[in-house]
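Please read all numbers here as calculations on a predicted model, not as lab measurements. Numbering of ligands and ligand atoms starts at 1, following listing order.
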Amino acid sequence: MCGIFGYIGKRSDATDIVFKGIKTLEYRGYDSWGVGIIPNAPTSSRKAGLRGATTKGIVVEKQIGKIGDAKLHNPPASSLAIAHTRWATHGGITQANAHPHLDCTGNIAVIHNGIIENYDTLKKQLSNKHTYVSETDSEVAVHMIEEKMKALPFSEAVRQTFLACTGSNALVAINAHSDEIVAIRNGSPLVVGYGDNEQFIGSDAAGLLPYTKTVHFLEDNEMAILTKEKISIKDVQTNREKCVVPKTLDQTMQTVSKNGFATFMEKELNEQPDIIHKISLERAHSEKLTEAIHKARGTYLIGCGSAYYACLAGTYLFSTIAKRHINATVASEFTFQEDFINEKSLVIALSQSGETMDIIDAVKRAKTKGATIASIVNVEGSTLWRISDLPIPCGAGPEVSVASTKDLIAKLSHLIALSYGLAGMQNEGSIVLKKAALETRRVIFNKKRIVYLATQFIKKEHIFIVGRGLSYPATLEIAMKIKEISYIHAEGMAAGELKHGTLALVEKETPCIVLAPNDETYGANIAAAMELRARGAIIIGISHTHNAVFDHYIEVADCGPASIIPTIVVGQFLALAIATKKGLDPDKPRNLAKSVTVK
Ligand code: AGP
């Protein structure tokens, strides 16, 4: 899942435009970055002084790592440029594997998002005629275009190349000898932006907002040819022109700042009490979903990562509050369990980005079986938002930090409101959410104790989190946060499962977090804490009351089923504190990206 940006038009600072554009897309991957520039006046890049540049038609600068405060070294005046930020799938994190990739002549460049699944076969077909300089799947595309241009015009060579590739891909190509950008999508997202004598392309709409609100979200198998004057959209299979009606975005340019916090994650954690409170006041969304669930014969919650943990929590909330069964499945596994999906089924997809490929795939398949698709999505206008019959805004606001926090808490709040709605107890639902908002504010206010605890953990290799019932998905979420930003192996599990294996890993001084809210699971959770203590573990209790078995105790007052929210918030702050103490960047953890657009 990489970030793609491109510009063609009247201005001569195309390089700066695409460089700024790619910075807004760094959440999609930050292993390396690169720009490809067609200078307005053919200059030798040596004179332009760009590091890593070539001396052929297209000037390329690419570097390893995050863009951060990197600056381009006096880029040539240009009215046509592309840029890319990479999340490595094929080939290590090297400068050669960074995009753009050039063909042997240096006059064609491509940037790519996705996986060309048959790249190896294609590479073999071309190998003896072309020199490959990278280990990527993407580079094969530029050599195929080069090869096909021996007989075809540029855009047709790009189209034919794309048709020969399998997998979910978004490909953008430029050619030093033609004033156009050719872009094709099948799976991975692409948006084009219409301007006055200038056109834009990006992996999402947010990066285009500073320049235009008039956009077209490329559908699967659509090709866009951008020239200075216009954008034409074609069907990539038939090569026929398509008449599309551009959309006007109602989003405003949200300059997402840290508001004085050290990191986006910390800022986003502090926004949660207001978000929970706001959702406690909303009714409309849960009423629409309630109606859809009543109509459906079989309702399935699907999501990935943290969003899946919200789905799992949904099954407990629906069962205990609404006395209703609802299924929850990891989206990437749903494909193997959907044989019973039919036109009476309701699939509720949960996603922050709305671009996660595993979810998009699962939803598209369920749609082909006639299922109704509802979704709770944080990015309005995203692919999932657009393909849903009933898209519900999650309302957490832009989430920049890769670790999903306020979005997850907002999803839990929606599911709590929905469960009470289904039981005809909207007011009670609103009351427990208001309580959870207040308690979350109190936990944040008193986070010093959590930060102190973090110092106990930074050298630990393993941390276990246990709980029962609704706390079980909370253990998984807290473990996820600790893993993804502090790089410590953390495992969440149903407390009842401990003695069936994992207990073998617990030894003297192993930190174990026990979630013991004031519900029917309290006694059994304390018993689990005793079992752990008997093996020498350090017990950290997160509970409404202290207990002698706890070596460390973090109070979370009882908010009924909504206690799961402040409990997870304790885990979020713990993970953040450990990462900070280890000097890690919690906003851009290694090997991860905010939106996973590959399978
Ligand atoms: C969570 O912190 C992770 N970043 C990740 O597991 C995330 O929840 C998952 O990739 C799903 O993303 P989505 O909500 O954008 O679909």
Side-chain angles (χ1 to χ4, degrees), residues 1 3 25-30 87 188-189 203-204 206 263-266 268-269 272 301-314 328-334 347-364 373 375-388 391-412 414-415 473-474 476-487 490 492 568-569 571-576 579 584-599:
M1 47 262 171
L25 294 168
E26 233 191 339
Y27 68 87
R28 304 175 63 85
Y30 32 84
W87 187 80
S188 309
S203 294
D204 73 16
T263 61
F264 280 109
M265 184 171 176
E266 191 182 3
E268 288 156 8
L269 292 187
Q272 298 181 120
L301 286 167
I302 63 170
C304 300
S306 291
Y308 166 65
Y309 300 149
C311 297
L312 192 56
T329 309
V330 172
S332 55
E333 289 299 310
F334 193 55
V347 173
I348 307 178
L350 273 54
S351 176
Q352 191 290 125
S353 62
E355 298 294 353
T356 302
M357 187 59 73
D358 291 326
I359 282 209
I360 306 291
D361 261 15
V363 160
K364 282 183 178 163
I373 308 297
S375 57
I376 304 179
V377 191
N378 201 37
V379 179
E380 295 179 39
S382 60
T383 301
L384 179 60
W385 178 272
R386 295 195 320 274
I387 61 177
S388 300
I392 305 280
C394 189
E399 190 174 70
V400 176
S401 173
V402 166
S404 181
T405 53
K406 61 176 183 171
D407 173 74
L408 180 264
I409 293 298
K411 284 189 167 54
L412 287 174
H414 280 290
L415 291 171
L476 299 174
E477 176 56 17
I478 293 173
M480 165 78 91
K481 292 288 118 24
I482 294 173
K483 281 187 279 192
E484 69 178 321
I485 66 167
S486 73
Y487 311 156
I568 289 177
V569 172
Q572 294 169 338
F573 274 96
L574 187 62
L576 177 62
L584 302 171
D585 175 356
D587 288 342
K588 290 199 174 93
R590 67 185 182 200
N591 304 344
L592 299 179
K594 184 70 183 163
S595 169
V596 184
T597 56
V598 291
K599 271 191 242 182

Top protein contact for [atom], by heavy-atom distance:
| atom | value |
| --- | --- |
| atom 6 (O) of ligand 1 | Gly305 CA, 3.3 Å |
| atom 11 (C) of ligand 1 | Cys304 O, 3.3 Å |
| atom 14 (O) of ligand 1 | Gln352 N, 2.6 Å |

Distance, nearest 0.5 Å, that separates [atom1] of [X] from [atom2] of [Y]:
| X | Y | atom1 | atom2 | answer |
| --- | --- | --- | --- | --- |
| Ile348 | His414 | CD1 | NE2 | 12.5 Å |
| Phe334 | Ile359 | CZ | CD1 | 10.5 Å |
| Thr263 | Glu268 | OG1 | CD | 8.0 Å |
| Ile376 | Ile392 | CD1 | CD1 | 7.0 Å |
| Ser306 | Glu484 | OG | CD | 6.0 Å |

[X] touching ligand 1 at heavy-atom level, < 4.0 angstrom:
| X | result |
| --- | --- |
| Lys481 | yes |
| Val596 | yes |
| Ala403 | yes |

Residue [X] vicinity, atoms of ligand 1 by number, heavy atom under 4.0 Å:
| X | value |
| --- | --- |
| Ser351 | 13 (P), 14 (O), 15 (O), 16 (O) |
| Val402 | 2 (O), 4 (N) |
| Ser353 | 13 (P), 15 (O), 16 (O) |
| Met480 | 6 (O) |

Review point. Which one of Pro589, Ser401, Ser306 has a non-hydrogen atom at the shortest distance from atom 1 (C) of ligand 1?
Key: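 When every heavy atom of Pro589, Ser401, Ser306 is considered, Ser306 comes closest to atom 1 (C) of ligand 1.
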Check your understanding: Out of Thr356, Leu350, Leu592, who gets a non-hydrogen atom closest to atom 12 (O) of ligand 1?
Key ->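 Ranked by closest heavy atom to atom 12 (O) of ligand 1, first place is Thr356.
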Has [X] got a side-chain atom pairing as donor or acceptor with [Y]'s backbone, closer than 3.5 angstrom?
| X | Y | value |
| --- | --- | --- |
| Lys594 | Ser401 | yes |
| Gln352 | Leu408 | no |
| Tyr308 | Leu301 | no |

**Study point:** Nitrogen or oxygen atoms of Asp407 and ligand 1 under 3.5 Å apart
**Key:**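 Such a contact does not occur with ligand 1.
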Practice item. May I ask you to identify, for Glu484, whether its side chain, its backbone, both or neither come under 4.0 Å of ligand 1 on a heavy-atom basis? Key: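 Answer for Glu484: side chain.
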Practice item. Might you point out which heavy atoms bring Val377 and Ser382 nearest each other, and give the distance in Å? Key: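 It is CG1-OG, 3.5 Å.
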